[in-house]
Visitor: 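Dumping the structure here so I can ask a few things about it.
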Amino acid sequence: DFGEFNEYLFATRKRATDSSPYTADIDLWLHCEKGAVNGGYYSNEARPVIASSKNTKPHNVRWYNRGEGNPEDPWISLQHHPIQILYGEASISHTTGPFDDIRPGSMVFVRSALPGNVQVSHMSLDDVQVLGEEPSGLCELVRCPVGHTGPNGGPCDVCATGKFKATAGNDDCKLCDAGKYGPKAGNDKEMDCMPCLAGTYSINPGSNSSST
C-alpha cells in the first residue's frame with residue numbers, strides 16, 4: 001500500500017553487463033497524475049501525461065484499464081498502446097514492452113506533489129540534483145550533473161575538451177580561458193583548465209592543447 005499520493009512515475013533502465021547488472025540512468029520514464037491511471041475504466045482512451053522520456057511536454061497517450069476480467073490492466077505505455085509499454089499487472093507480459101534481456105522490469109514511484117514543484121525531467125540513481133521544492137514522496141527531481149550539459153529531460157552530454165561546467169543543470173559548458181587548455185572531457189571545475197607551460201601558448205579560449 002503506497003498510502004496517500006497523487007502522482008506516479010513509471011520507469012525502467014537498461015541492463016549493462018553481467019558484472020554491473022544495471023546502469024545508473026533511468027532511460028525510459030513517464031510522469032502522470034494518479035487519476036490518469038486509476039481514474040475509472042477506459043479502453044484505448046487518451047489519458048493525460050505530465051511528461052515522459054519520449055515527450056517532456058504535457059500530452060495524451062492511449063491506454064487500457066478495463067476492470068474486471070482484465071487482470072493485466074492498467075497497461076501504461078510511452079506511446080499509444082501497445083508501443084513501449086512500461087507497466088502491466090498480473091505478471092502478464094506484452095511482446096511490445098521494453099522488458100527483455102536488457103531491461104529487467106518496471107519501477108513505480110509515487111509522491112504527493114507540492115504546489116509549484118518542477119516536474120520530473122531526468123532520473124539518475126547516482127547524482128540526484130533537486131530542481132524545485134523538495135518532493136514529499138519517493139520521486140526526486142533531477143538535472144544534468146557537473147561536467148555535463150543538456151536540457152532538462154536529457155540526454156546529458158559530457159563537456160568536451162577545452163570546456164568545463166561547475167554547476168548542475170542545463171547551462172552550457174564554459175570555455176577554458178586563453179592561456180589555458182583542457183586536455184580531457186568532463187571537466188567539472190575551472191581549475192581543470194591547465195595553464196600553458198613555459199614556452200607554450202593558447203591564443204583562443206576553449207583550447208584542448210597548447211602550442212609552442
Side-chain angles (χ1 to χ4, degrees), residues 7-17 19-31 50-58 78 86 102-104 107-111 113-197 200-211:
E7 290 187 359
Y8 279 113
L9 179 73
F10 299 93
T12 188
R13 52 188 171 140
K14 287 184 178 180
R15 186 182 297 277
T17 64
S19 59
S20 178
Y22 309 113
T23 58
D25 285 340
I26 292 173
D27 64 334
L28 300 179
W29 55 267
L30 185 141
H31 178 206
I50 296 172
S52 73
S53 53
K54 182 71 176 178
N55 183 351
T56 58
K57 296 180 179 180
L78 277 176
L86 285 177
I102 64 168
R103 288 191 178 88
M107 292 176 284
V108 180
F109 302 86
V110 300
R111 74 170 184 172
L114 300 175
N117 271 357
V118 180
Q119 65 190 34
V120 173
S121 58
H122 177 70
M123 290 289 296
S124 169
L125 302 185
D126 274 351
D127 193 357
V128 175
Q129 300 288 340
V130 177
L131 288 181
E133 296 177 24
E134 184 175 355
S136 59
L138 298 178
C139 296
E140 294 195 66
L141 308 175
V142 300
R143 50 188 175 177
C144 293
V146 295
H148 297 71
T149 188
N152 292 336
C156 296
D157 298 317
V158 66
C159 292
T161 56
K163 298 182 178 182
F164 70 95
K165 182 166 169 281
T167 59
N170 59 0
D171 295 333
D172 293 334
C173 300
K174 296 181 179 180
L175 298 175
C176 292
D177 293 335
K180 297 183 178 181
Y181 67 101
K184 64 183 182 69
N187 295 320
D188 58 13
K189 49 188 177 295
E190 188 173 4
M191 67 177 60
D192 289 332
C193 297
M194 302 172 63
C196 295
L197 299 176
T200 66
Y201 66 93
S202 65
I203 297 176
N204 299 317
S207 296
N208 58 14
S209 63
S210 58
S211 303

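In what follows, residues are counted from 1 in the order of the sequence shown. For the numbers below, each heavy atom of this structure counts, side chains included, while hydrogens, waters and symmetry mates do not.
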Visitor: Within this structure, what is the OG1-CG distance for the pair T167 and D188, rounded to the nearest 0.5 Å?
Guide: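 Here the rounded value is 10.5 Å.
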Visitor: Measure the spacing between CG of L30 and NZ of K54 and express it to the nearest 0.5 Å.
Guide: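 One gets 12.5 Å once the value is rounded to the nearest 0.5 Å.
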Visitor: So do K165 and D171 actually touch side chain to side chain, heavy atoms under 4.5 Å?
Guide: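 In short, these two side chains touch, coming nearer than 4.5 Å.
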Visitor: Got T149 and N170 here, is their nearest side-chain heavy-atom distance under 4.5 Å?
Guide: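 No, their side chains stay 4.5 Å or more apart.
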Visitor: Can you find a heavy atom in the side chain of P58 that is under 4.5 Å from one in the side chain of I50?
Guide: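 A side-chain contact under 4.5 Å is absent here.
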Visitor: Would you compute the distance between atom OG1 of T12 and atom CG of L86 and round it to the nearest 0.5 angstrom?
Guide: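 It is 7.5 Å, given to the nearest 0.5 Å.
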Visitor: Given side chains that start at C-beta, do those of N187 and C159 come closer than 4.5 Å, heavy atoms only?
Guide: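 Side-chain contact under 4.5 Å: no.
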Visitor: Counting C-beta onward and ignoring hydrogens, is there a side-chain heavy-atom pair between D177 and P205 closer than 4.5 Å?
Guide: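 Result no, sub-4.5 Å side-chain heavy-atom pair not found.
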Visitor: Output the distance between atom SG (C196) and atom CD1 (I203), rounded to the nearest 0.5 Å.
Guide: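 It is 10.0 Å, given to the nearest 0.5 Å.
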Visitor: If you define the side chain from C-beta out and look only at heavy atoms, does anything of W29 sit under 4.5 Å from S53?
Guide: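 With C-beta onward as the side chain, the pair touches.
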Visitor: Hey, does H31 have a side-chain heavy atom less than 4.5 Å from the side chain of E7?
Guide: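 Heavy-atom side-chain distance check passes, below 4.5 Å.
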Visitor: Which distance, rounded to the nearest 0.5 Å, do you find between the CE of M194 and the OG of S202?
Guide: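 Taking CE in M194 and OG in S202, the distance rounds to 11.5 Å.
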Visitor: Taking the side chain as every heavy atom from C-beta outward, state whether V108 and L9 have any atom pair closer than 4.5 Å.
Guide: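 They are not in contact (no side-chain heavy atoms under 4.5 Å apart), so the answer is no.
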Visitor: With rounding to the nearest 0.5 angstrom, report the NZ to CG distance, K184 to N208.
Guide: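 Here the rounded value is 13.0 Å.
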